[in-house]
Structures are given as C-alpha cells and as structure tokens.
2 protein chains.
Amino acid sequence: MDLPASAFPSPVHDHQDCVRAALDAAEAKCEQRGARLTSLRRRVLELVWTSHEPVGAYALLDTLKSEGQAAAPPTVYRALDFLIEQGLVHRLERLNAFVGCPRPEASHSAQFLICTACGRAAELDDPAIGQAVRQGAEARGFSVGRQTIEVEGLCADCQGTLQKK
Amino acid sequence: MDLPASAFPSPVHDHQDCVRAALDAAEAKCEQRGARLTSLRRRVLELVWTSHEPVGAYALLDTLKSEGQAAAPPTVYRALDFLIEQGLVHRLERLNAFVGCPRPEASHSAQFLICTACGRAAELDDPAIGQAVRQGAEARGFSVGRQTIEVEGLCADCQGTLQKK
DNA sequence: GGGGCGATGTTATGTTGTAACAACCGTACT
DNA sequence: AGTACGGTTGTTACAACATAACATCGCCCC
Ligand SMILES: [Zn+2]
Ligand SMILES: [Zn+2]
Ligand SMILES: [Zn+2]
Ligand SMILES: [Zn+2]
C-alpha cells in the first residue's frame with residue numbers, strides 16, 4: 001500500500017509550475033463551460049496563486065491598485081465570486097481568505113489543512129471524510145448539502161522545523 | 001441497534017428547559033474551573049440560548065443595549081470570548097455567529113449541522129468524523145489541531161415541511 | 001447605428017471584529 | 001481604614017471584511 005503524499009507541496013518545489021498549471025486548467029475549464037475568463041479575472045486568479053497561503057480580498061485589492069488597475073472592493077469580490085463559481089478558487093471560512101484550487105477538473109467538497117506555523121493551506125480530497133460526515137448526519141435525519149471542513153495544525157515541513165529547535 | 005436521535009430538538013420541545021439546563025451546566029462548569037460567570041456573561045449566555053439559531057454578536061449587542069445595559073462591541077466580544085474559552089459557546093465560522101453548547105461537560109471537537117431552511121444549528125458529536133479527519137490528515141504527515149466542521153443542509157423537520165408542499 | 005447584455009468602474013454604506021486606555025470593584029494585605 | 005493588585009467592564013476610536021446601487025464600457029447581433 002502506498003503512503004499518500006503530503007498534501008502540501010515541497011517548500012522547494014517549482015511554484016511557477018503550480019501557477020502555470022492552474023492558469024492552464026482554468027482556461028480549459030472556462031472554455032469548456034462557456035465562461036469568460038477575462039484578463040481581470042485571470043489576473044486575480046494568478047494573484048491568488050502567488051503562494052500557497054490563503055490571501056485576503058483586500059490584499060488582492062491592494063496589489064491590483066499598485067499595478068495601476070482601477071479597483072475597488074467590488075472589483076475583487078466579483079472576480080472571486082466568479083472564480084469560486086467556476087471551482088477555481090476556494091474560500092477558507094476561518095480565515096476570510098481565498099486559495100487556488102489545485103484540481104479544478106474534478107468537482108469536490110474540499111477539505112483543507114491549514115498550517116498555523118507557515119500559514120499555507122492544502123486541499124485534502126479524502127472521500128472517507130466526506131463519507132463519514134454524510135453518514136453521521138444522515139443517521140440523524142439530516143440531509144447534507146455543502147460541507148465546510150477546515151483543519152488547523154502543523155504541516156509535515158513545519159513539524160520538522162519545530163523539532164529541530 | 002438504535003437509531004441516533006435527530007441532532008435537532010423537536011420544534012415543540014420545552015425550550016425553557018434547554019436554557020435552564022444550559023445555565024445550570026454553565027454555573028457548574030465555571031465553579032469547577034474557578035472561572036467567574038459574572039451576571040453580564042451569564043446574561044450573554046442566556047441570550048445566545050434564546051433559540052437554537054446561531055446569533056450574531058451585534059444582535060446580542062442590540063439586545064443588551066435595549067435592556068439598558070451599557071454596551072459596546074467589546075462588551076459582547078469579551079463575554080463571548082470568555083464563554084467560548086469555557087466551552088459554553090461555539091462559534092460558527094460560516095455564519096460569523098454563535099450558538100450555545102448543549103454538552104459543555106465533555107470537551108469535544110464540535111461538528112455542526114446547519115439547516116438552511118429554519119436557520120437552526122445542531123451539534124453533532126460523532127467521533128467517527130473526527131477520527132476520519134485525523135486519519136486522512138495524519139496519513140499525509142499533518143499534525144491535527146483544531147477542527148472546523150460545519151455542514152449545511154436540511155434538518156429532518158424542514159425536509160418534512162418542504163415535502164408536504 | 002442601435003439595442004441588449006455581461007463586465008467593470010465608482011460611490012457609498014453595511015457588517016464584523018479589535019486596539020487602547022480609563023474606570024470600577026472586590027480581595028488581601030498592612 | 002488605607003492601599004495595592006488583578007480581573008472585569010466602560011468608552012472611544014478604528015480596522016478588516018463585504019455588499020448595494022447605479023453609471024459606464026465594450027462587444028455581439030441585428
Ligand atoms: Zn506551488
Ligand atoms: Zn507549515
Ligand atoms: Zn431548546
Ligand atoms: Zn430546519
């Protein structure tokens with residue numbers, strides 16, 4: 001049996017690949033769905049992918065403004081709404097922040113691991129978890145819709161770092 | 001084998017019992033922990049228990065003010081912080097709202113069912129869910145801390161109501 | 001060219017949460 | 001009694017997050 005890889009990317013991975021892959025996948029998915037990935041929306045998606053740390057709407061806004069883009073809160077929130085609608089971005093409720101979806105192809109009820117040390121968030125797409133939730137809820141007569149699952153803790157890299165101290 | 005009861009109280013239950021039980025349990029737990037359940041904190045807890053619908057901090061604030069209590073946002077947030085600290089109240093991240101804990105005796109990583117029809121939230125304390133999350137996360141090298149699990153859907157009562165239409 | 005429509009710009013405002021400091025209040029020690 | 005202390009509450013100001021409402025733009029179609 002294989003150990004699942006860490007949900008977090010290596011600290012030294014080629015992040016430009018992440019960004020390229022995300023933008024390519026976004027283009028493809030929008031094309032397929034007949035949605036318009038305008039240059040503003042594309043740019044916001046790219047900014048969300050600046051790192052694997054969830055980013056707040058106003059941080060995106062500041063960046064856009066610093067680039068000379070005319071921007072106000074609705075500018076950013078509308079772009080984010082679109083990206084979330086298309087499944088390209090997820091919102092982290094605990095953080096009021098947004099993170100790019102690494103697997104926008106497949107629709108999923110995302111679960112997130114949030115490292116309190118490095119601030120990164122990783123998506124955990126574990127059917128067993130969704131299943132356990134569904135089972136527990138339905139056993140009590142509750143009809144399950146959207147699930148919000150966000151787990152704080154320490155990623156493998158940060159555990160190592162802290163141990164060495 | 002028994003079917004677990006619905007996590008939601010019956011629409012016709014004696015809610016005053018809920019409130020009394022919650023306040024009694026709070027007194028006991030604070031006593032035991034050496035924490036001071038002041039009259040303000042007690043009143044805020046009682047207000048949180050006004051119904052099984054999560055309530056926003058500013059709604060609590062308005063009520064306090066309408067009762068002649070000197071109150072500003074910190075008044076409410078400090079009381080809520082205390083109550084959460086003592087495990088008497090939980091915060092629902094998706095709603096930015098607060099709900100009383102029905103079982104403050106036992107510490108637990110709470111999971112919530114939120115009915116989008118009636119607005120009520122119920123606590124689901126299913127060890128299998130926490131276990132599944134822990135397992136999925138740890139298999140990927142993530143050390144689990146606090147879990148946030150909030151499930152939107154329809155409670156049994158509201159499913160019935162909607163079907164009859 | 002004009003009408004329709006989705007995207008974006010703009011202004012204003014609503015909602016949620018916190019920082020910082022002052023005042024108060026019980027308790028314990030003198 | 002006086003007084004020093006720590007925890008609670010009052011008060012003011014502000015920060016952070018989000019949306020309503022309406023104007024404008026640009027494109028496609030007729
Ligand atoms: Zn990356
Ligand atoms: Zn980390
Ligand atoms: Zn009740
Ligand atoms: Zn319901």
Side-chain angles (χ1 to χ4, degrees), chain A residues 26-27 30-31 33-48 53-86 88-99 119 121 148 150, chain B residues 26-27 30-31 33-48 53-86 88-99 119 121 148 150:
Chain A
E27 297 279 9
C30 287
E31 171 93 9
R33 299 181 53 160
R36 295 175 50 190
L37 186 63
T38 63
S39 72
L40 175 62
R41 290 165 172 172
R42 189 187 154 93
R43 179 63 183 139
V44 170
L45 178 59
E46 194 176 6
L47 290 177
V48 167
E53 274 183 68
V55 57
Y58 279 69
L60 296 170
L61 178 57
D62 289 344
T63 306
L64 285 179
K65 285 200 281 200
S66 80
E67 293 174 345
Q69 166 72 239
T75 310
V76 165
Y77 281 103
R78 286 194 288 229
L80 287 170
D81 286 347
F82 170 86
L83 295 169
I84 290 169
E85 186 90 14
Q86 303 306 316
L88 303 171
V89 161
H90 298 291
R91 175 188 169 86
L92 293 173
E93 301 292 343
R94 280 193 63 77
L95 305 179
N96 295 330
F98 303 86
V99 70
T148 299
E150 300 176 8
Chain B
E27 297 279 9
C30 287
E31 172 93 12
R33 300 182 51 162
R36 296 174 49 189
L37 186 61
T38 63
S39 73
L40 175 62
R41 290 165 173 173
R42 190 187 154 93
R43 180 62 185 140
V44 169
L45 178 59
E46 195 177 6
L47 290 176
V48 167
E53 274 182 67
V55 57
Y58 279 73
L60 296 171
L61 177 57
D62 288 345
T63 306
L64 285 180
K65 285 199 280 199
S66 80
E67 293 174 347
Q69 165 74 238
T75 311
V76 165
Y77 280 103
R78 286 193 287 229
L80 288 171
D81 285 348
F82 171 86
L83 295 169
I84 290 169
E85 186 91 12
Q86 303 304 319
L88 303 171
V89 161
H90 298 290
R91 175 189 168 86
L92 293 173
E93 302 292 342
R94 280 194 63 76
L95 306 178
N96 295 332
F98 303 85
V99 70
T148 299
E150 302 176 7

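Below, each value reflects all heavy atoms present in this structure, side chains not excepted, and no hydrogens, waters or symmetry copies. Convention: sequence-line order gives letters A, B, ...; per-chain numbering from 1. Here the structure is a predicted model, which means the values were calculated and not measured.
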- Item | Residues touching DNA chain C, which here means a heavy atom under 4.0 Å, drawn from residues 34-44 of chain A | A/Arg36, A/Thr38, A/Leu40, A/Arg41
With sequence neighbours excluded, what pairs up with [X] under the side chain to side chain donor-acceptor pair (under 3.5 Å) test?
X       : answer
A/Gln86 : A/Arg33
B/Glu31 : none
A/Arg41 : none
A/Glu46 : A/Arg43

- Results of salt bridge (charged side-chain N to carboxylate O under 4.0 Å, His left out) for B/Glu150 - residues two or more places apart only: none
- Item | Partners meeting salt bridge (charged side-chain N to carboxylate O under 4.0 Å, His left out) with A/Glu27 (sequence neighbours left out) | A/Arg42
- Message: Heavy-atom count check: over 12 atoms from other residues, nucleotides or ligands less than 6.0 Å from B/Gln69 CD?
- Response: yes
Separation of [X] atom [atom1] from [N] atom [atom2], in whole Å?
X       : N      : atom1 : atom2 : answer
B/Arg94 : D/dA18 : CZ    : C1'   : 15 Å
B/Arg78 : D/dG7  : CZ    : C1'   : 11 Å
A/Asp81 : D/dC17 : CG    : P     : 16 Å
B/Phe82 : D/dG7  : CZ    : P     : 13 Å

Sequence neighbours left out, cut at 3.5 Å: what donor-acceptor pairs do the side chains of residues 74-81 of chain B make with other protein atoms?
from    : atom 1 : to      : atom 2 : distance (Å)
B/Thr75 : OG1    : B/Ala72 : N      : 2.9
B/Thr75 : OG1    : B/Ala72 : O      : 3.1

- Query: Does a nitrogen or oxygen in the side chain of A/Tyr58 sit under 4.0 Å from OP1 or OP2 of D/dA16?
  - Reply: no
- Item | OP1 or OP2 of D/dA16 under 4.0 Å from side-chain N/O of A/Asn96 | no
- Query: When you list every nucleotide of DNA chain C with an atom under 4.0 Å from a heavy atom of chain B, which one comes first 5' to 3', and which comes last?
  - Reply: C/dT16 to C/dA20
- Verdict with reasoning, A/Arg91 to A/Val99, per side chain to side chain contact (heavy atoms under 4.5 Å, CB included): CA-CA 6 Å; A/Arg91 175 188 169 86; A/Val99 70; over 6 Å; no
- Roughly how far apart are B/Leu83 CG and B/Phe98 CZ, rounded to 0.5 Å? 10.0 Å
- Item | Nearest-nucleotide 5' precedence on DNA chain D, A/Arg91 against B/Thr75 | B/Thr75
- Sorted by number, residues from residues 60-72 of chain B placing a heavy atom under 4.0 Å from DNA chain D are B/Gln69, B/Ala70, B/Ala72
Identify all side-chain donor-acceptor contacts of residues 55-64 of chain A below 3.5 Å with residues at least two apart in sequence or on another chain.
from    : atom 1 : to      : atom 2 : distance (Å)
A/Thr63 : OG1    : A/Ala59 : O      : 3.0

